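Everything quoted here is computed from the prediction, not taken from an experiment. Positions are given from 1, in the same order as the sequence printed here.
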Amino acid sequence: MLQGAVGVVARRCSLGPGPGCGKVVARQCCSAARRREWVPPVGRDSGIVVYNSRSRTKESLVLAKDRVATWYSCGPTVYDHAHLGHACSYVRFDIIRRIMTKFFGIEVIMVMGITDIDDKIIKRASEMNMSPVALARIYEEDFKQDMAALKVLPPTVYMRVTENIPQIISFIETVIANGQAYATSQGNVYFDVKSWGKRYGVLTTVSSDTQDEAVNTDKRHVKDFALWKAAKPQELCWTSPWGKGRPGWHIECSTISSAVFGKQLDIHTGGIDLAFPHHENEIAQCEVYHQCEQWGNYFLHSGHLHVKGSQEKMSKSLKNYITVKDFLKKFSSDQFRMYCLRSRYSSAVEFSDKSMDDAKNLLQAISSFIKDANAYIKGQLISDPVREDILWERLANTKVTVKAAFADDFDTSRAVAAIMDLIHHGNRQLKAVTKDAGSPRSSVVYGSIISYIEGFFNALGMSFGERQVALRADNSTVLSNVIDELVQFRTKVRHYALVLPEAAETAQQLMQDRRPLLEACDSLRENLAAFGIHIKVRSCHLLAHLLNPKMKCGQLPHDLR
Ligand SMILES: Nc1ncnc2c1ncn2[C@@H]1O[C@H](COP(=O)(O)OP(=O)(O)OP(=O)(O)O)[C@@H](O)[C@H]1O
Ligand SMILES: [Zn+2]
């Protein structure tokens, strides 16, 4: 594994002279008025330079904890099949994640939020005459399957919005208590953008200074955005201090990220369309909630995938999309990955048959080189003598170029070009001849080249040659999600069965009534254990307390011991 240069980073404020500036800094050196400037975090330099949308320039990626990156990724809104635009964004970030892990030794802890309640979900569900939650579950599962088919590594955890409503409500309460949001008589809660002032507009140049009174709405100002939306009649909703309703879009990600990582977040990613307003609003909310100066140190945005000749991104609403499933009927995930590798993650890309042909041809060239080199090593391909010294040097240079390209904002196209150049030289030396002159074979250098090239592509989520692994990801992902659902269902049933009233007599009776539920949970746990699935039960003391603060462990139902 190649390791990036690391060192403790204690930096000078980049803002130049000013009160308190110019010395070795933590973040607080800059006045609020100039706060839109990004301040390098204190931590360890990863050895990678990234384009940071927060500072709008390339910066050294400094991680708060040595070789550990906390990463929040905005996930999909699950109301339809994923298309190639989504695939492009998630595959590109998957490549980045793999580069960080495999080439720079960084452990990535990634959280992805799943938007499983929103206007589009509600609309589609009503068209299909089903509940929004059921619809969302179907497309969430579908998304996970598509990602597995594209060999995108799952995040460390997926977090659904609907499973974090109490956390979202309490987050909003804090933003209100900190004076930056207001509830209206109609049961909506808005972020007060105007009074956030110059702090608004971190990622894009937008002004909060609008005099406009909002029309036909209960907002104070046009730019104010919803943290909580009052429910329309018949809509799925949750009870809140502001009445029945549901969360706004931006608050979901702020809450979920904060619930897992607190106020420390190294990397935040999403497609470029999310920079404004979504990420801008997430930043505002989190900085109010955490009362901090800089939430989210690095914002990385992927460029859009366009259909050739179109200015518009591939999108469901524009109906100009190809679903991942349809695409994979014609092409392989390796071919799509190669298509993605050929441009930098942040640039816009055109999708066309020609671009897929180019990706296919490159893969073909790599495969045929690996085949030839293998044949040469085995003595099935006879060649004139090889200049080994040149090849060893080429190989060493390629490794240096690849590492440098990756360290430069994950320049995958330069890295692939370096590999293709190595292949070009490898091929040039393999001059097939019909007559074996008995000269010694240069097996080791070709073996090393193959091993490096295969290692390179495997590290990026692809596979080549004889060692190609048949993926059975689809089934295993479905199974693992089914298990998740089952375990969650069991947890809910147990929690329900364990909540008892204070009055001892009623509690005893209810405990008797609910015993079958707990026994069923118990036997499910035992039965799953037979398949190697172990559900951990919470400690006896905690459960004892839940059940009845006075009850002793031995008195607990079987499942709780
Ligand atoms: N054409 C595209 N190219 C690249 N990334 C895209 C494209 N379309 C969506 N994304 C990204 O996919 C991720 C999930 O997006 P989301 O589920 O919100 O889809 P969406 O933007 O609603 O899609 P659509 O516009 O098709 O309705 C986001 O990070 C978004 O930026
Ligand atoms: Zn988000």
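- Judged by distance alone, the side chains of Asp118 and Thr115 never bring a donor and an acceptor atom under 3.5 Å apart.
- Checking Asp513 against Gln509 by side-chain atom types alone, a donor-acceptor pair falls below 3.5 Å.
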Side chain to side chain donor-acceptor pair (under 3.5 Å) evaluation trace for Ser53 with His301: CA-CA 7 Å; Ser53 303; His301 290 115; 2.7 Å; yes

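- Although no hydrogens or angles enter the test, the distance criterion places no donor-acceptor pair under 3.5 Å between the side chain of Gln180 and the main chain of Gln285.
- With hydrogens and angles ignored, the 3.5 Å screen pairs a side-chain donor or acceptor of Ser258 with a backbone N or O of Ser254.
- For NZ of Lys123, the number of neighbouring non-hydrogen atoms (other residues, nucleotides, ligands) closer than 6.0 Å is 12 at most.
- Ring geometry for Tyr190 versus Tyr182: interplanar angle of 30 to 60°, hence tilted.
- Asp142 is listed as a side-chain neighbour of Lys325, based on a closest heavy-atom distance under 4.5 Å.
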Verdict with reasoning, Trp228 to Asn188, per side-chain contact (heavy atoms from CB on, under 4.5 Å): CA-CA 5 Å; Trp228 188 260; Asn188 295 303; over 6 Å; no

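- Of the candidates Trp295, Phe261, Tyr298, Trp71, His268 forms a ring-ring contact (aromatic ring centres under 6.0 Å, His included) with just one, namely Trp295.
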side-chain contact (heavy atoms from CB on, under 4.5 Å) assessment of Thr70 paired with Val260: CA-CA 10 Å; Thr70 52; Val260 179; over 6 Å; no

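- Between the side chain of Arg246 and the backbone N or O of Leu236, no donor-acceptor pair lies under 3.5 Å.
- Inspection of the Asp146 and Tyr90 side chains reveals no N or O donor paired with an N or O acceptor under 3.5 Å.
- We find that Glu235 and Lys244 are not joined by a salt bridge, their nearest charged nitrogen and carboxylate oxygen being 4.0 Å or further apart.
- His81 and Tyr139 have perpendicular rings, their planes meeting at more than 60° on a 0 to 90° scale where under 30° would count as parallel.
- Using cut-offs of 30° and 60° for the angle between ring planes, the His290 and Phe171 rings count as perpendicular.
- For the residue pair Thr101/Glu107, the side-chain donor-acceptor check at 3.5 Å is not satisfied.
- Residue Gln234 places its CD atom among 12 or fewer non-hydrogen atoms of other residues, nucleotides or ligands, all under 6.0 Å distant.
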Phe191 vs Val175, side-chain contact (heavy atoms from CB on, under 4.5 Å): CA-CA, chis, key distance, verdict: CA-CA 8 Å; Phe191 190 92; Val175 178; 4.1 Å; yes

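- Side-chain polar atoms of Asp116 and Thr162 form a donor-acceptor pair below 3.5 angstrom.
- A salt bridge is defined here as a Lys NZ or Arg NE, NH1 or NH2 lying under 4.0 Å from an Asp or Glu carboxylate O, and Asp119 with Lys229 meets this definition.
- The existence of a salt bridge linking Arg98 and Asp94 is confirmed by a sub-4.0 Å separation between a basic side-chain nitrogen and an acidic carboxylate oxygen.
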Verdict with supporting geometry, Ile122 and Tyr79, side-chain contact (heavy atoms from CB on, under 4.5 Å): CA-CA 9 Å; Ile122 292 174; Tyr79 69 100; over 6 Å; no

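- Between Pro76 and Phe143, some side-chain heavy-atom pair lies under the 4.5 Å cut-off.
- Contact check for Asp80 versus Tyr321: side-chain heavy atoms found under the 4.5 Å cut-off.
- Between the side chains of Thr57 and Ser55, no donor-acceptor pair is found at a separation under 3.5 Å.
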